[in-house]
Structure formats: structure tokens, C-alpha cells
Amino acid sequence: MIAATVPEASSDDVCLLMVHRLVPSQTLAVSVLDGAAGLAAARHALRDWLADFGVVGGTIDDAVLAAGEALANAVEHAYLDAAEPGEVQLAATVADGVLELIVSDCGTWRRDAAPGPRGRGLALMRLVMDEVVLASSDAGTRVTMRRSLEVRS
Amino acid sequence: MSQLLTMESVEQDGSVIWTVRGEIDLASAPEFERSVVAGGDGAARSVVVDLDRVAYLDSAGLASLVRLHLQLGQRGRHLKVVVADGTVARSTITLAALDQVIAVFESLDGALVA
């Protein structure tokens, strides 16, 4: 039982943080449950995770911007018809020197949505990442973005 | 006020100067925009927005800047954005080519004499 081996005061968060600092995890998974208000926490988690890898500052800023735009798009548009914010997920992985960011939601992709902030956000994502792929179905939308990493040696 | 954002304003040499700290995103951009619009009602002809200390600026914030530029312009006032090269906000503004639309300055002094 985990409860028997963990001091009373420790939360799961604390344990995760300790592991995190010793060996950067190869994957990061963050959920945004509370709409726009939760975006900053997801960006901060990605920023910290990338910094642990020794990713250089400009690349971190670019990746955080791309993920932030994709998350904001999902929060703003995916659950337009829903009574309360739906879940939006960010998954980040690093493999073979390539950062992959996946932002997914279970909402409805609005092809008829007016351009504007959304169009500008997508343009920014394409400018700062090497590759941006949008996939949508009845089950939701998935944005997959990749970028080669420069890591400090 | 949102925890993401802090804004302070002073009037100097006929300009309202806003110093913005924190993050401008989908959640905080409306508040950023409302504050600057409300502060543009006085006698000052220029509204200076200093984004040097902004740690994050996204497309919602860019859209706010464009609307501020248009709204203040309709009222005979100029929006001037101070944001030094190499800052996060400057990077986003340059990527979106917004510096072709709004007046962007390297320094506060430069914005005030322009």
C-alpha cells in the first residue's frame, strides 16, 4: 500500500516533484479542467519540464507559446455548446531530439467558426514549430506539433 | 484583478503610461484591454503600454492590442507599445508582424518623445 510508505504530510504532487527533479520524465501530461483560468498552470508546467531538460530559453518560449495557443483554442472553441468547460489535455514528449506536443479535446471542431484570434493563433503555432498537424473527428480535435530541440550540453 | 496580471498607470508629459507585469492570455486579455480603454478617457493624447515585463503574450493579447489601437485612434489618441528586443512579448508581436500595424518602441523614453 502506498499510504503505508509515504509520510502523512506528503501529497502525490510532492512525490512527483521530487522524482521530476532527479530524472526529467520523458513525458509530461497535463489536464486543463477549468477553462481559460487553467491555461497558465498548464503553460508553467510545460515551461518547468522543458527547463529540466536543459532546453534553451528561446525554444522554451516558442514551445510554450505553441502549446498555449493550442490549449487556448481548445478551451475557447471546443466546448462552445457545453454548459461548463470540458477537459483539454496537453501531452509532451521528447524522443531523438524532437519535442512533440499534443493538445487534445473531446469537443466539436467548428469549421464555420469565424477567423480572427483562432486564425492568428494557428499562424503563430506554425511559425514557432517545425510541424503542426490538425486532426478532428466526432470524438474531438487533436493538434500534434513537433520541433527539433537544441539542448544545452 | 486577475492573479496573472498586474497593471499600474501614471500620467507623464501628456501620456498615460501603463506598466504591465505578468501574463496576457485568453483569461487575462479582456481585463488588460478594459483597463487600458478606461484609462484612455482623460486629457492625455497618448496611451503608452509597457510590455517589457510581460512573461507571456498570446494571440488573444495581440487581438486586444489591435482593438486598442483602433479604439484609441477613433478617439484621437495614439497607442504606443514599449517592448524591447529580446523580450517574450516582442517576439510574439514580431512573429505576428503586429509591429507593422501598431507603433512599437524599444524604450519608454523613445515612446514619450515620438
Side-chain angles (χ1 to χ4, degrees), chain A residues 32-48 50-51 56-80 85 88 90 103 105 113-130 132 143 147, chain B residues 1-7 20-37 49 51-71 79 81 83-102 104:
Chain A
V32 177
L33 299 168
D34 47 355
L39 293 171
R43 292 196 305 268
H44 298 167
L46 176 63
R47 180 176 291 281
D48 292 346
L50 289 168
V56 296
T59 307
I60 294 180
D61 290 338
D62 286 351
V64 169
L65 178 62
E69 290 290 351
L71 288 165
N73 275 347
V75 159
E76 193 174 20
H77 296 281
Y79 301 101
L80 280 177
V88 176
L90 165 67
V103 172
D105 63 65
R118 166 158 227 159
R120 193 179 274 124
L122 190 54
L124 286 174
M125 286 151 57
R126 290 195 163 121
L127 283 167
V128 295
M129 300 297 284
D130 297 332
V132 177
V143 181
R147 166 144 174 185
Chain B
M1 180 158 278
S2 157
Q3 291 179 341
L4 271 184
L5 199 63
T6 59
M7 297 177 62
V20 188
R21 291 181 176 81
E23 302 181 57
I24 305 177
D25 72 355
L26 184 65
S28 62
E31 179 187 320
F32 162 72
E33 193 175 332
R34 274 196 305 274
S35 298
V36 177
V37 166
V49 177
L51 302 181
D52 267 356
R53 293 169 192 81
V54 166
Y56 183 79
L57 174 70
D58 74 356
S59 61
L62 296 178
S64 287
L65 288 172
V66 171
R67 281 192 296 269
L68 285 170
H69 168 72
L70 297 173
Q71 285 178 25
L79 175 69
V81 175
V83 61
D85 236 358
T87 60
V88 170
R90 179 62 167 261
S91 167
T92 308
I93 285 171
T94 306
L95 277 169
L98 207 65
D99 50 348
Q100 312 288 312
V101 180
I102 58 179
V104 174

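All values derive from a computational prediction rather than experimental measurement. In the text below, chain A, chain B and the rest are named by the order of the sequence lines, each starting its count at 1. Scope of the values below: all heavy atoms of this structure, side chains included, with no hydrogens, waters or symmetry mates.
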**Asked** Do B/Asp25 and A/Arg43 come close enough that some side-chain heavy atom pair is under 4.5 Å?
**Response**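 When only atoms from C-beta onward are counted, A/Arg43 and B/Asp25 do touch, with a gap below 4.5 Å.
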**Request:** Evaluate the side-chain proximity of A/Leu124 to B/Leu62: yes if any heavy-atom separation is below 4.5 Å, no if none is.
**Result:**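 Counting from C-beta outward, B/Leu62 and A/Leu124 do come under 4.5 Å.
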**Item:** Contact residues of residues 84-96 of chain B (partner chain A; heavy-atom separation under 4.5 angstrom)
**Value:**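 Expected list: B/Val88, B/Thr92, B/Leu95, B/Ala96.
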**Contacts of A/Asp61 that satisfy side-chain hydrogen bond (donor to acceptor under 3.5 Å, both in side chains) - sequence neighbours left out** =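 In terms of side-chain hydrogen bond (donor to acceptor under 3.5 Å, both in side chains), with neighbours along the sequence ignored, A/Asp61 is linked to A/Arg47.
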**Message:** So which atom in A/Ala36 and which in B/Ala27 form the shortest heavy-atom distance, rounded to 0.1 Å?
**Reply:**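 What the structure gives for the nearest pair is O-CB, 3.6 Å.
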**Request:** Kindly give the heavy-atom pair with the smallest separation between A/Ala72 and B/Asp58, and that separation in Å.
**Result:**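 Where A/Ala72 meets B/Asp58 most closely, the heavy atoms are CB-OD2, 4.4 Å.
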**Prompt:** Which region of A/Val128, side chain (C-beta onward) or backbone (N, CA, C, O), has a non-hydrogen atom less than 4.5 Å from a non-hydrogen atom of chain B, or is it both or neither?
**Reply:**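 Side chain only.
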